[in-house]
Amino acid sequence: GSRDCEWRIKVKNDEYKSIRVFLFYPCENELINTKKITSSWLPSPATLYAAAHGKAINIPTWISTYITKFLLSIKMPTIPNATIHSPLSNRGYPVVIFTHGLFGCS
């Protein structure tokens with residue numbers, strides 16, 4: 001399964017910072033045969049992500065829009081928002097946290 005999550009933290013009166021993560025986890029086996037196994041590689045809202053990337057590297061908006069359409073066509077073999085599989089032991093699951101920033105080198 002997979003889930004797109006965001007946490008917002010208030011840093012000043014009306015100013016917030018946020019962190020977004022895309023979680024991948026084992027899901028219940030019966031879902032694999034009954035649900036569509038695909039989710040977009042580009043998180044929602046895709047247009048905001050494209051605009052941020054375009055602005056950061058100084059490319060025209062029309063190029064960002066084209067790139068967004070291409071990235072939306074890339075799918076991952078996951079079930080969005082699936083029910084998490086029960087742990088096989090009472091120790092739960094291992095957790096791996098990986099972050100690469102906006103362009104993979106931050």
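Residue numbers run from 1 in the order of the sequence given.
Rounded to the nearest 0.5 Å, atoms OH (Y25) and OG1 (T78) are 8.0 Å apart. Between atom CZ of residue R3 and atom CD1 of residue I79 there is a gap of 12.5 Å, rounded to the nearest 0.5 Å.
Partners of I59 according to the side-chain contact (heavy atoms from CB on, under 4.5 Å) rule, which considers only residues two or more places apart in sequence or in another chain, are I57, I63, S64, I67. Remark: K75 pairs with T38, S40 by the side-chain contact (heavy atoms from CB on, under 4.5 Å) rule, at least two apart or across chains. Residues satisfying the ring pair (Phe, Tyr, Trp, His ring centres under 6.0 Å) test with F24, not counting sequence neighbours, are F22.
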Pairs under 3.5 angstrom only: tabulate donor-acceptor contacts from the side chains of residues 5-15 to other protein residues two or more places apart or in another chain.
| residue | atom | partner | partner atom | Å |
| --- | --- | --- | --- | --- |
| E6 | OE2 | S18 | OG | 3.1 |
| K10 | NZ | N13 | O | 3.1 |

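Across all their heavy atoms, G1 and A82 have their closest contact at CA-CB, 4.0 Å.
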